[in-house]
Amino acid sequence: LGKPPSIPFLLFAPFKVLHQLTHLLTTLLRLPPAQWLLVQNPPSIPTLAIGILISHLRPTKLMIDWHNYGWTILAGTRGASHPLVRLSKLYESLLGRYASHNLTVTHAMARQLRQPPYNISRPLLPVHDRPAAIFQPLASASLRKDILSRVIPEKNLIPSVLDGTTRLIASSTSWTPDEDFSILLDALVEYAATKAAVPVLAVITGKGPQKEMYLRNIEELTKAGRLPNVRVITAFLPFADYAALLACADLGICLHMSSSGVDLPMKVVDMFGAGLPVAAYSGYESFGELVKEGENGRGFETSGELAGILGRLLSDEGKKELQVLKKGAVKEGGRRWDEEWDGTVGGVLGLVM
């Protein structure tokens with residue numbers, strides 16, 4: 001249910017919530033009672049309230065799968081002092097206490113949910129996200145040419161990537177303020193200014209509200225000669241092609257900035273599934289639960305730090321370090337959903353003995 005541009009958010013939000021509540025509640029009550037109801041959070045409104053109501057009306061246990069907090073995401077666009085953000089925080093903090101069991105994407109989140117304002121006393125089980133089966137390391141070097149021919153529109157760039165004279169980096173972004181693409185762009189400008197910079201092809205996937213603005217910035221920087229030996233192209237790829245691109249790249253870049261400080265970027269999980277080492281924004285508490293510094297990736301908080309990482313890892317001298325990180329990425333990505341699920345949630349749900 002999309003918001004018409006002419007209607008203010010404060011007026012539209014209650015109507016949308018009422019519509020969702022009615023639809024979800026009538027749908028769930030038509031179904032036979034289940035032993036468990038698994039609710040992912042966020043979204044929080046109205047799903048937490050509906051989950052609690054269903055668990056009281058029926059012999060159904062509620063399990064909340066905490067991926068982040070809805071109120072911190074809302075605060076990113078509305079501001080922390082907005083009335084709906086405050087209401088959302090109170091709603092999420094109070095209703096989150098009523099589940100029989102809780103899953104969290106990090107240990108840091110589990111610790112935080114024990115503390116105010118959440119004060120959850122019921123079981124909390126950390127379960128790390130794992131890559132889908134479609135994300136796999138490149139099976140053979142011969143496949144790389146076919147994949148690049150499919151996912152890179154400018155065919156003249158492919159031969160130098162294949163022979164290693166141009167390094168391929170890949171990043172996925174939502175082109176929103178919570179993923180500050182200017183960090184990567186500034187890092188590429190700084191990297192390109194060094195005399196020893198190896199040529200780079202940066203493929204950026206995704207779509208979002210700030211994409212056109214950054215495309216103009218890239219064009220201006222290129223025309224001004226501030227990106228010598230650096231080519232930035234954008235694409236919105238089918239899921240299978242995106243997975244294949246990651247498997248072909250030399251380094252993945254993640255600009256995810258956690259709104260809560262305790263979630264983890266799924267895009268890094270996918271990169272590891274494809275055997276791709278990462279350089280990722282590290283300015284949040286849970287970063288180290290996924291990216292192990294010097295083992296499967298490198299962390300940065302500023303464009304200067306990222307430029308330094310690019311300069312080191314993409315150089316001929318950095319090939320050995322990059323190979324070490326790649327081995328770590330393959331190892332981290334080797335643990336898949338069935339293994340993670342069976343070793344944690346399966347026992348709670350009674351699916352694994």
Side-chain angles (χ1 to χ4, degrees), residues 34-44 47 51 60-70 73 99-111 113 123-139 143 147 170-172 174 205-206 237-249 252 254 256 258 260 262-278 280 284 286-292 295-297 325-353:
Q35 183 178 352
W36 288 93
L37 178 60
L38 179 63
V39 175
Q40 179 177 308
N41 186 77
S44 312
T47 50
T60 298
K61 296 178 182 178
L62 174 63
M63 177 181 286
I64 300 176
D65 184 11
W66 295 85
H67 282 241
N68 205 340
Y69 308 136
I73 295 174
S100 299
H101 287 74
N102 299 270
L103 309 179
T104 64
V105 291
T106 63
H107 293 276
M109 182 178 286
R111 291 192 298 269
L113 287 172
L124 285 160
L125 180 63
V127 182
H128 285 141
D129 283 326
R130 294 296 168 186
I134 196 171
F135 293 97
Q136 298 288 340
L138 202 61
L143 293 175
I147 293 170
S171 182
S172 172
S174 58
T205 69
L237 300 173
F239 200 47
D241 285 349
Y242 171 64
L245 169 67
L246 296 185
C248 290
C254 176
H256 171 81
S258 171
S260 63
V262 291
D263 71 324
L264 287 173
M266 194 66 204
K267 64 189 68 180
V268 171
V269 176
D270 296 338
M271 288 175 181
F272 286 162
L276 180 62
V278 302
Y284 51 97
S286 55
F287 174 80
E289 292 190 35
L290 179 59
V291 180
K292 308 297 190 299
E295 293 183 20
N296 53 29
L325 299 181
K326 185 173 182 62
K327 288 180 181 178
V330 171
K331 180 180 179 181
E332 178 65 30
R335 183 175 172 90
R336 298 290 167 148
W337 267 118
D338 52 353
E339 186 178 355
E340 183 75 19
W341 187 267
D342 289 350
T344 53
V345 189
V348 176
L349 299 180
L351 302 175
V352 177
M353 303 304 291

Would you mind reporting whether [Y] and [X] have side-chain heavy atoms less than 4.5 Å apart?
X    : Y    : result
H256 : D263 : yes
S100 : M63  : no
H101 : K61  : no
L38  : L103 : yes
V269 : L264 : no
Y242 : I134 : no
I73  : N68  : yes
V278 : C254 : no

Atom of [X], atom of [Y] and distance for their closest heavy-atom approach:
X    : Y    : result
L276 : A249 : CD1-O, 3.3 Å
S286 : T106 : CB-CG2, 3.8 Å
L37  : G51  : CD2-CA, 3.7 Å
T60  : A34  : OG1-O, 2.5 Å
P42  : Y69  : CD-N, 4.1 Å
P265 : Y284 : CD-OH, 3.2 Å

Requested in this report: Might you work through the side-chain contact (heavy atoms from CB on, under 4.5 Å) test for W337 and D129, ending with a clear yes or no?
Outcome: CA-CA 7 Å; W337 267 118; D129 283 326; 3.4 Å; yes

Measuring from atom [atom1] of [X] to atom [atom2] of [Y], what distance do you get when rounded to the nearest 0.5 angstrom?
X    : Y    : atom1 : atom2 : result
T344 : L349 : OG1   : CG    : 9.0 Å
Q40  : I64  : CD    : CD1   : 12.0 Å
N102 : L125 : CG    : CG    : 9.5 Å
F272 : N296 : CZ    : CG    : 3.5 Å
T205 : K267 : OG1   : NZ    : 8.0 Å

**Report entry** Passing option when P126 is tested against M109, H107, R111 for side chain to side chain contact (heavy atoms under 4.5 Å, CB included)
**Finding:** H107

Query - Residues, nucleotides or ligands: over 12 heavy atoms within 6.0 Å of K292 NZ - result: yes

Query raised in the report: Quick one: do E332 and R130 make a salt bridge, cutoff under 4.0 Å?
Result: yes

Requested in this report: May I have the step-by-step check of side chain to side chain donor-acceptor pair (under 3.5 Å) for H128 and E340, ending in yes or no?
Outcome: CA-CA 7 Å; H128 285 141; E340 183 75 19; 4.9 Å; no

